[in-house]
Amino acid sequence: GMNVVMILLSGAYVLIVLARVPELIPFLAPLQLGKITFALGALMVLATRTERLLGLWKDIPFGRMLLLLACIAVCGIPFSVWRGGAFNSLLGFAKTLAGFFLVVALTEHGREKALRFFIMASVAALAALLAFDTGTGRLHVSDTYDPNDMALLFVVFLPIVTAEALCARNFLLRIAAWGTVACSLIGIALTQSRGGLLALAAVAAHALIISKKRRWLLVPLLALGAVIILQAADDALWSRFGELRDQSDYNYSGRTGRLTMWEEGLKLFAQRPLLGVGIGQFSAGVGMLGNGTYKTAHNSFVQLGAELGLVGLLAFLAILRDVYRIARAGASPALPSACRIRHSALMLALTGYCVGGFFLSQAYGNILYMLLALAAIMHLERNRLEHPASLPARQKALVAGPSAPASEPAPAEANSLMRRADAVRKARQELLRRGKADARLNIHSREESL
């Protein structure tokens, strides 16, 4: 019963923070479902797993880097260009970190499949609503995600959903996963996000590079995906790429274009390399210390460097490196096929984030931190199965299988026991016959030897 409750709470939280269900169903918005679900999940974790919490944080490979990132954000508040704004951004980041840890704590120990399912359900809900939207222009279905953010979400989790389509044993789950893949591709085209398509192309190229035995299956799948995007995209998307080709796009020369904002971000980084301008204060920093545009970085790496300085940027890169190592470790040929496919999908998802995040300010968003939660769970679950000695006795028995029956005593040992028992019987008879104290002591010593 407790296991089911933990699965449902983790699933509800994933749907709320990743799929933004209260935004998709407006009458749910006033109910504060995110806060309620988080509170119930936290109480469940504290009631059942209090002794595990500290060890769980230490067992996550990038847990210390996440704490370092948070510490840098805290230390930078007094030196921020806008302390009040930095404090509010820190509170938002703290909520994201707490949500990450809650999901990991609720889904550890055999509930990885449930986390994958709810991530897929979140992507399916957003992708289906977007794919069947009858609007025009650059489409999106959530107030939290603009079209570029929505494209990034689809690109990041597309490999994860595809892995489920390939590995799921349940036929209906496979059909649902393939449907989600198709709707996600349509959704990427409908957002008209150039960065999203570039990230998708990078994921496809990376998949071709790392695939070996399954390349015969991957090539037709990529071809089918390209056909879906070409059919779903309209002329507006290709005209946007044309603006890049002839350099008429605002990103080249506009005061708020990406090239200008990246240059301004590098200037902020050079001015404040130690602690940056404060978490979430890139716009304020460019407005006060730069060209006065008050615009976002449009680059997660420039955003981290300008806001949290060199140490913050290095911690962020170390987190991404640890996710890559988790993916590489799970792609070992010694592991089962399904495990290798899922870890390769994690590597491709990381590629999607790094390329797509190069054009968006998504350093603290739930897209990244839900991917980090999945990576942490995959690492913990693989360690749990590879090192059962650290498990409790009941779980260790489940991993090891049924124990062997107790062996019968060897014939020599049986004969020795029979001789000792006969000696004790004779001593008892002697005690009854004589009643002497020395015989009683002799019996006692022989009984102890048995």
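Count residues from 1 along the sequence. All heavy atoms count here, side chains included; hydrogens, waters and symmetry mates do not.
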Can you check whether [Y]'s main-chain N or O pairs, donor with acceptor, with [X]'s side chain at less than 3.5 Å?
| X | Y | result |
| --- | --- | --- |
| Arg240 | Gln192 | yes |
| Arg255 | Thr260 | no |
| Ser361 | His298 | yes |
| Arg174 | Leu166 | yes |
| Glu23 | Thr144 | yes |
| Glu112 | Met378 | no |
| Ser80 | Gly76 | no |
| His379 | Ile326 | no |
| Ser300 | Gly357 | yes |
| Arg111 | Glu108 | yes |

Task: Audit row: Leu24, Leu126, side-chain contact (heavy atoms from CB on, under 4.5 Å) steps and yes/no - done: CA-CA 9 Å; Leu24 304 180; Leu126 292 171; 4.0 Å; yes

TODO: Apply the test side chain to side chain donor-acceptor pair (under 3.5 Å) to residues Arg20 and Ser142: give CA-CA distance (whole Å), side-chain angles for both, the deciding distance (0.1 Å), then the verdict.
DONE: CA-CA 7 Å; Arg20 315 304 298 178; Ser142 168; 5.1 Å; no

Do the side chains of [Y] and [X] get nearer than 4.5 Å, heavy atoms only?
| X | Y | result |
| --- | --- | --- |
| Asp133 | Leu190 | no |
| Tyr145 | His140 | no |
| Leu106 | Leu115 | no |
| Leu308 | Phe316 | no |

With a 6.0 Å cut-off (strictly less than), is the heavy-atom count around [atom1] of [X], excluding the residue itself, greater than 12?
| X | atom1 | answer |
| --- | --- | --- |
| Phe301 | CZ | yes |
| Arg64 | CZ | no |
| Phe117 | CZ | no |
| Arg328 | CZ | no |
| Asn170 | CG | yes |

Open item on the list: Could you check whether Trp262 and Phe358 have their ring centres less than 6.0 Å apart?
Closed with: yes

- [ ] Classify the angle between the aromatic ring planes of Tyr364 and Phe93 as parallel (below 30°), tilted (30 to 60°) or perpendicular (above 60°).
- [x] perpendicular

Could you list the donor-acceptor pairs under 3.5 angstrom formed by side chains in residues 28-42, with sequence neighbours left out?
{"unit_1": "Thr37", "atom_1": "OG1", "unit_2": "Leu33", "atom_2": "O", "d": "2.7"}

TODO: Sort out for me which residue in Leu173, Leu374, Ile377 forms a side chain to side chain contact (heavy atoms under 4.5 Å, CB included) with Arg116.
DONE: Leu374

Open item on the list: Between Arg342 and Glu164, does any NZ, NE, NH1 or NH2 come within less than 4.0 Å of an OD or OE carboxylate oxygen?
Closed with: yes

- [ ] Kindly indicate, with the supporting measurements, whether the criterion side-chain contact (heavy atoms from CB on, under 4.5 Å) is fulfilled by Tyr294 and Met288.
- [x] CA-CA 8 Å; Tyr294 290 91; Met288 296 178 185; 4.1 Å; yes

